[in-house]
J.: 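Handing you this structure, nothing more for now.
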Amino acid sequence: MSLNIGSHHPPAKNKPATPPQAVAGGAQMPQHSMVNLKTYIVEDSPVIRENLIATLEEMVPLEVVGTAEDESSAVYWLSHHAQQCDLVIIDIFLKGGSGLGVLRSTVNARGRCKLVVFSNYATPDMRRKCLELGADKVFDKSNEIDALINYCERLAAGGSGDTHHGDLI
């Protein structure tokens with residue numbers, strides 16, 4: 001799957017949750033519950049931001065709780081609300097400042113919140129720098145949208161999201 005930057009064709013809707021299945025003797029098998037990930041997005045391009053939100057909300061149980069297009073707005077919001085979100089998705093290049101500054105300022109105040117970088121500039125050196133600054137994962141916009149979606153699905157299912165995607169190459 002690729003993130004269509006020019007226009008958005010919505011992906012298929014999430015399947016509704018299936019009820020617990022009965023097993024022999026009438027007992028119910030437990031189902032893994034998915035929670036809505038409260039997500040904050042730091043992306044300066046309105047087209048990319050809106051397409052990313054639409055894609056993620058269609059594919060993952062996720063609720064976008066806020067957005068920013070520059071470092072200072074993101075740092076301000078996260079300094080007051082980081083405890084209220086599960087995931088922050090950060091671009092590197094912003095209208096003002098950078099995603100690196102967001103990482104530097106947020107890493108100590110983030111609580112349980114996962115910090116993910118989603119950038120067109122996910123070179124090995126940039127991945128290393130982001131991970132050193134506290135990013136949990138780094139994904140390339142040009143070819144790792146599926147990996148980002150899978151990561152978000154694992155987080156929503158209660159997992160850590162850990163795989164080799166988004167790590168150093």
Side-chain angles (χ1 to χ4, degrees), residues 1-8 10 35-156 160-163 165-169:
M1 172 182 294
S2 64
L3 185 61
N4 188 340
I5 297 173
S7 64
H8 177 69
V35 298
N36 272 354
L37 288 178
K38 292 182 176 18
T39 304
Y40 189 76
I41 297 180
V42 184
E43 169 61 62
D44 63 328
S45 166
V47 172
I48 293 174
R49 184 175 56 244
E50 293 309 314
N51 282 330
L52 178 61
I53 291 169
T55 300
L56 289 174
E57 287 182 340
E58 289 288 331
M59 302 294 289
V60 179
L62 176 145
E63 172 191 357
V64 174
V65 296
T67 65
E69 57 185 29
D70 62 74
E71 179 181 340
S72 62
S73 298
V75 168
Y76 178 82
W77 192 92
L78 290 165
S79 70
H80 293 88
H81 304 283
Q83 300 298 323
Q84 300 169 16
C85 73
D86 305 305
L87 175 65
V88 180
I89 299 174
I90 306 165
D91 188 14
I92 297 291
F93 295 110
L94 304 171
K95 280 192 176 178
S98 77
L100 298 177
V102 175
L103 285 172
R104 269 189 212 100
S105 299
T106 306
V107 71
N108 293 327
R110 70 180 177 167
R112 62 180 171 71
C113 185
K114 295 286 188 177
L115 301 176
V116 171
V117 173
F118 188 53
S119 177
N120 281 322
Y121 194 66
T123 64
D125 286 342
M126 185 57 72
R127 286 177 190 266
R128 187 174 300 104
K129 181 69 172 172
C130 291
L131 294 170
E132 287 171 2
L133 289 173
D136 293 291
K137 295 288 181 186
V138 180
F139 298 99
D140 190 322
K141 285 181 186 174
S142 66
N143 62 12
E144 293 182 323
I145 183 69
D146 288 331
L148 174 63
I149 290 168
N150 291 336
Y151 178 81
C152 293
E153 287 173 337
R154 287 190 302 279
L155 289 178
S160 67
D162 288 336
T163 67
H165 287 289
D167 292 335
L168 290 174
I169 296 176

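Along the sequence shown, residues carry numbers from 1.
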J.: Compare all side-chain heavy atoms of Val88 with those of Lys114 and state whether any distance is below 4.5 angstrom.
T.: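 When only atoms from C-beta onward are counted, Lys114 and Val88 do not touch, as no gap falls below 4.5 Å.
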
J.: Check whether the side chains of Asp140 and Ser142 place a donor and an acceptor atom closer than 3.5 Å, and report yes or no.
T.: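 Yes, a side-chain donor-acceptor pair sits under 3.5 Å.
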
J.: Does the side chain of Tyr40 come within less than 4.5 Å of Leu78's, by heavy atoms?
T.: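 Yes, side chains in contact.
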
J.: Is the closest side-chain heavy-atom distance between Ile89 and Leu115 below 4.5 Å?
T.: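 Of all side-chain heavy-atom pairs linking Leu115 with Ile89, none is under 4.5 Å.
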
J.: Ion pair present between Arg127 and Glu132, side-chain N to carboxylate O less than 4.0 angstrom?
T.: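 No.
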
J.: Can you tell me how far CG of Leu87 sits from CZ of Arg112, rounded to the nearest 0.5 angstrom?
T.: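 Answer rounded to 0.5 Å: 10.5 Å.
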
J.: Would Leu133 and Lys129 count as a side-chain contact (heavy atoms from CB on, under 4.5 Å) if you check the C-alpha gap in whole Å, the side-chain angles of each, and the deciding distance to 0.1 Å?
T.: CA-CA 6 Å; Leu133 289 173; Lys129 181 69 172 172; 4.1 Å; yes

J.: Of all the heavy-atom pairs spanning Ala82 and Cys113, show the shortest one and how long it is.
T.: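 Answer, listing the atom of Ala82 first, then Cys113: O-CB, 3.9 Å.
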
J.: Determine whether Leu103 and Val117 satisfy the following criterion, side-chain contact (heavy atoms from CB on, under 4.5 Å), listing intermediate values before the conclusion.
T.: CA-CA 9 Å; Leu103 285 172; Val117 173; 3.8 Å; yes

J.: Looking at Ile48, Leu62, Val64, Thr39, which hits side chain to side chain contact (heavy atoms under 4.5 Å, CB included) with Ile53?
T.: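 Among Ile48, Leu62, Val64, Thr39, the one meeting side chain to side chain contact (heavy atoms under 4.5 Å, CB included) with Ile53 is Val64.
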
J.: Quick one: CD on Glu57 to SG on Cys152, what's the gap to the nearest 0.5 Å?
T.: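 It comes to 11.5 Å.
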
J.: Can you find a heavy atom in the side chain of Ile149 that is under 4.5 Å from one in the side chain of Glu153?
T.: yes

J.: Taking side chain as C-beta onward, heavy atoms only, is Leu100 less than 4.5 Å from Cys130?
T.: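 Side chain of Leu100 against side chain of Cys130, heavy atoms only: contact under 4.5 Å found.
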
J.: Is there side-chain contact between Ile145 and Phe139, with heavy atoms separated by less than 4.5 Å?
T.: no

J.: Identify the residue among Val42, Leu52, Ile90, Val138 that makes a side chain to side chain contact (heavy atoms under 4.5 Å, CB included) with Phe118.
T.: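 Exactly one option meets the side chain to side chain contact (heavy atoms under 4.5 Å, CB included) with Phe118, and it is Leu52.
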
J.: Begin from the C-alpha positions of Arg154 and Asn150 and carry the test side-chain contact (heavy atoms from CB on, under 4.5 Å) through to its verdict.
T.: CA-CA 6 Å; Arg154 287 190 302 279; Asn150 291 336; 3.4 Å; yes

J.: Evaluate the criterion side-chain contact (heavy atoms from CB on, under 4.5 Å) for residue pair Leu131 and Arg128; output intermediate values, then yes/no.
T.: CA-CA 5 Å; Leu131 294 170; Arg128 187 174 300 104; 6.0 Å; no

J.: As a quick check of understanding, evaluate salt bridge (Lys or Arg N to Asp or Glu O under 4.0 Å) for Glu43 and Lys95, giving each step before the final call.
T.: CA-CA 9 Å; Glu43 169 61 62; Lys95 280 192 176 178; over 6 Å; no

J.: Could you state the interatomic distance from OG (Ser119) to CZ (Phe93), rounded to the nearest 0.5 Å?
T.: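 Answer rounded to 0.5 Å: 6.5 Å.
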
J.: With a 4.0 Å cut-off, would you call Arg49 and Asp91 a salt bridge?
T.: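 Salt bridge absent between Arg49 and Asp91.
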
J.: Can you tell me how far the NZ atom of Lys137 sits from the CD atom of Glu144, to the nearest 0.5 Å?
T.: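 The CD atom of Glu144 is 10.5 Å from NZ of Lys137, to the nearest 0.5 Å.
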
J.: Could you walk me through whether Ser72 and Asp70 pass the side-chain hydrogen bond (donor to acceptor under 3.5 Å, both in side chains) check?
T.: CA-CA 6 Å; Ser72 62; Asp70 62 74; 2.9 Å; yes

J.: Is the closest side-chain heavy-atom distance between Leu94 and Val102 below 4.5 Å?
T.: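 Of all side-chain heavy-atom pairs linking Val102 with Leu94, at least one is under 4.5 Å.
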
J.: If we only count heavy atoms from C-beta on, is the Trp77 to Cys85 side-chain gap below 4.5 Å?
T.: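 Yes, close enough: below the 4.5 Å cut-off.
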
J.: Sub-3.5 Å donor-acceptor pair from the side chain of Glu63 to the main-chain atoms of Lys38, do we have one?
T.: no

